[in-house]
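The chains referred to below are lettered A, B, ... by the order of the sequence lines, with proteins before strands, and numbering in each begins at 1. The structure presented is a predicted model; accordingly, all values stated were derived computationally and were not measured.
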Amino acid sequence: MVRSQILEAVRDALQTLGVAEVPEAVTVERPGNPDHGDWSTNASLVCAKSLKKNPRQLGEELMAILVEAELPHVEKLEIAGPGFINFTLSPSWVHDVLRTVVAEGIENYARLHVGDGLEVNLEFVSSNPTGPLHAGGGRWGVFGDSLARIMERCGYIPHKEFYVNDRGTQTVLFGQSLVARRDGIPVPAGGYEGEYVTEWAAEMPATADPTEWGIKRALQEVEESLASMHVHFDTWSRENALVESGAVENTLIALRQSGYVYEKDDAVWLATTEFGDDKDRVLIKSDGDYTYLLPDVAYHRDKYNRGDLVIDILGADHHGYVPRMRAALLALGHEADEYEAIIGQNVSLMRGGEEVKLSKRTGTMIAVDELIDDLGPDVTRFAYLLQSIDTAQTIDIDVWKAQAGENPVFYVQYAHARIHAIGREAAKRNIVLGDLAQTDLSGLVDPNEVAVLRDLHELPEILAGAARDRAPHRITTWVRGLAGNFHSFYAHCPILRSDVDPDLQQARLWLTEATRIGLAIGLDLLGVNAPEEM
RNA sequence: GCCCCUGUAGCUCAGUGGAUAGAGCAUCGGUUUCCUAAACCGUGUGCGGCAGUUCGAUUCUGCCCAGGGGCGCCA
C-alpha cells in the first residue's frame, strides 16, 4: 500500500544517488506530530555518512528525485529537522485504504503470507493433571490460543498441543491424597491439600484406581475450563503413552548414539553442558526411573511429526528448564532455529484488596473457573491479553468486575455493536448502502475519519509484528485504538442525521463498514466475541 | 553467586533508534431538539541511576540500584 510505495521510491532514489545496498535502517514512518506530514523517512540521516554528504544536502537531492517520481497521493514534500523528508498526502490515500478493506473483507484483509506455510507446533498450559487449572495456567492458555490465531492469519500452520504428565511422583501423590481425603486420614507429606481434593475424593468410586481416576478427573476439569475460555487443542499427548509406545526408549538410544550420554553414580546423564547448560542433567535416576526430562525429550522429538518449528510456552518458574531441552534437541541433530521457548511471567490475582496465592498443594488457589464465573470469558481473555507476556501480571478481580461499565473489553465490543446499531437504524430510516465503486469518498476529510482509516491501514503491519515477536497484546492495543478513534468519529461526524449530505452519508456508512471489518478481525484474533448488540 | 523478566503519570499498563512519550482508571469540569451517554470533549509534576555506542538513546550495550521468578536423581 501507500507506505511500501513510498519506501520503494525512497530506496530507488538512494540507489540512483549511489547507495549500493540500502540499509535496513532506512524506514518510512508515521510521525507523531501531524505538522510533520503523513509519512516521514530518515533516509538522508542514515545514508549521509556513507555518501560523505550532510543530511540536509542529501535530503535535497533525494527530494528532487522523489518529486520527479510523482508518487500517487503525495501532495507535498519537505525537509525538516536534522534531515527528515516529510510526505504530506492528499486524503485520497486513506480512501484507497477504505476500498481495500471493504473489498477484502474479514476473510482476506490483513491476511498475510509471511509464515509461508511453515508448520508450527505450539505447546502450552501442559499443567500436571493433579487439580483444576489455576489462573496462571489460564494465561498460557489464552496466550497460546491467540498466538495460534495470529500465526494462522499470517500464513503459518499452527498445531496446538497439551502435554499430560500422567506419570511420575506428582500424580501418585495426588492419588494418595485423594485416598487420604476419602478415608479421612492425613494427606501424605508433600501431597495435595486443596479443598477440591476432598470434593473429588467424595466422587471417587471405591473400585477406581485413585491415580488413574484422579488424572482423568483433573483433565476433565482442565479441559472444560479451557473450553469455557474458547481454548481448544489439536492434540493431547500423554507421557505414559510415550513410555508404552517405546518412544522414550528409542529416544534414549538416539541420545546414546549422539555420544553425549554417560553413566555416573548409578544414574544416566546427558552432557547438556556441551550445549551451554549450567550442569549436566540426569536422564535416568539411580533408582532406575526416568526423570521428567527424558520422556519430555521423547515428546519433543514426537512433536516434530506435527511441526517443523516447535514452540514451548512456559511459565517463568520453568525457564531454567529451557537450556537442557535445547541441548537435548541439538544433541539429537535438530537445528537451533527449530526450537523456541516463550517464557511467560507469572500471574497473581487480587480480590478484596489482597493477593490470592496460587498453589495447588496448599489449597489457597483460585481456579480459572472462578475467574470466568466472575468476569465471563471475554473479559477474562481480554484481561490476560492486555499486557505483554514479559510482564508479571496482577489481575484485580474486583476492579475488572466493578469496571464492568467502563471496561476496555466492553469499550471495544461496544464499538462493534454500535456499528450494527447504525445499520439497524439505517434500515429503519430506509437508508440503503449503495455500491462502493459508485461512492464518492472525497468528503471523508475530518481528522476523526482519517484517524480510523489510518488505523485500518496499519493492521497488516501490526499483525505481522505480533506474529514475529509472539506478542498477541499488540492486537489488543491496536483494537482498543481503533475502537477509540471510531467512537470519536461517531461523536463528531453524524451519519444518519437528515441534515447530512447524501454522498457524505454514503461515505460515512462505508467507513463504519470498514471499521466493522477491522474490529471483527482484531477481536477474532483475541478470541473475544464481537457482539451485534449489547 | 549465576540465569531469566520487569522498573514509563497517583494506580494498572502501552509505546518508539529520532523531531512535542500515550491509554484506561482515579481527580475536577463540560457534552444529548433525529444514529445506544457501555460514548464524546477538556484537565498532568512521568521514561530508577551512571557511563558507552550513535548525527540522535526512554528505546541498543555495560555496570549499579530496586522488585518478581529460577538455579533438584521434583515437575
Identify whether any heavy atom of [X] sits under 4.0 Å from a base atom; if not, whether one sits that close to sugar-phosphate; answer base, sugar-phosphate or nothing.
X      : value
A:D499 : base
A:N448 : nothing
A:R424 : base
A:A80  : base
A:R497 : base
A:D289 : nothing
A:T477 : sugar-phosphate
A:Y490 : base
A:H318 : base

Counting only Watson-Crick or G-U wobble pairs whose two distances fall under 3.5 Å, which nucleotide matches [N]?
N     : result
B:C2  : B:G70
B:C40 : B:G30
B:A57 : none
B:A23 : B:U12
B:G46 : none

[atom1]-based separation of [M] from [N] [nearest Å]:
N     : M     : atom1 : value
B:C11 : B:C71 : C1'   : 34 Å
B:G48 : B:G7  : P     : 8 Å
B:C55 : B:A21 : P     : 24 Å
B:C13 : B:U8  : P     : 9 Å
B:A26 : B:G44 : C1'   : 13 Å
B:U58 : B:C25 : P     : 30 Å
B:G15 : B:C5  : P     : 16 Å

Classify the ring geometry of [X] against [Y]: parallel below 30°, tilted from 30° to 60°, perpendicular beyond 60°.
X      : Y      : value
A:Y262 : A:W269 : parallel
A:Y163 : A:Y299 : parallel
A:H420 : A:H416 : tilted

In whole angstrom, what separates [X]'s [atom1] from [N]'s [atom2]?
X      : N     : atom1 : atom2 : result
A:H416 : B:C35 : NE2   : P     : 21 Å
A:E449 : B:C35 : CD    : C1'   : 15 Å
A:D378 : B:A38 : CG    : P     : 19 Å
A:D280 : B:G72 : CG    : C1'   : 15 Å
A:R167 : B:A75 : CZ    : C1'   : 11 Å
A:N346 : B:G69 : CG    : P     : 7 Å
A:R418 : B:A37 : CZ    : P     : 5 Å
A:D277 : B:G72 : CG    : P     : 11 Å

Query raised in the report: Which one, B:A19, B:C73, B:A38, comes nearest to the side chain of A:P31?
Result: B:A19

Report summary line: From the candidates B:C41, B:C73, B:U36, the one with an atom nearest any side-chain atom of A:Y414 is B:U36

Looking at the base of [N], is there any donor atom on it, or on the side chain of [X], that sits under 3.5 Å from an acceptor on the other one?
X      : N     : answer
A:N86  : B:A19 : yes
A:S286 : B:C73 : yes
A:S488 : B:A39 : no

Atom pairs, protein N/O to nucleotides 3-7 of chain B N/O, distance under 3.5 Å:
residue, atom, partner, partner atom, Å
B:C3, O2, A:H319, NE2, 3.3
B:C4, O4', A:H319, NE2, 3.2
B:C5, O4', A:Q345, NE2, 3.3
B:C5, O2', A:D390, O, 2.2

Requested in this report: May I ask you to decide if A:A466's main-chain N or O and A:R468's side chain share a donor-acceptor pair within less than 3.5 Å?
Outcome: no

Report task. Mark yes or no for whether A:T291, through its side chain, and A:K285, through its backbone, hold a donor-acceptor pair below 3.5 Å. Result -> no

Query raised in the report: According to the 5.5 Å centroid and 30° plane-angle thresholds, does A:F84 stack upon the nucleobase of B:A19?
Result: yes

Which atoms of nucleotides 8-12 of chain B (N or O only) lie under 3.5 Å from a protein N or O atom, and what are those distances?
none

Return the polar atom pairs (N/O with N/O) between nucleotides 53-59 of chain B and the protein under 3.5 Å, or none.
residue, atom, partner, partner atom, Å
B:C55, OP1, A:K49, NZ, 2.2

Query raised in the report: Of A:K76, A:R3, A:R454, which meets salt bridge (charged side-chain N to carboxylate O under 4.0 Å, His left out) against A:D38?
Result: A:R454

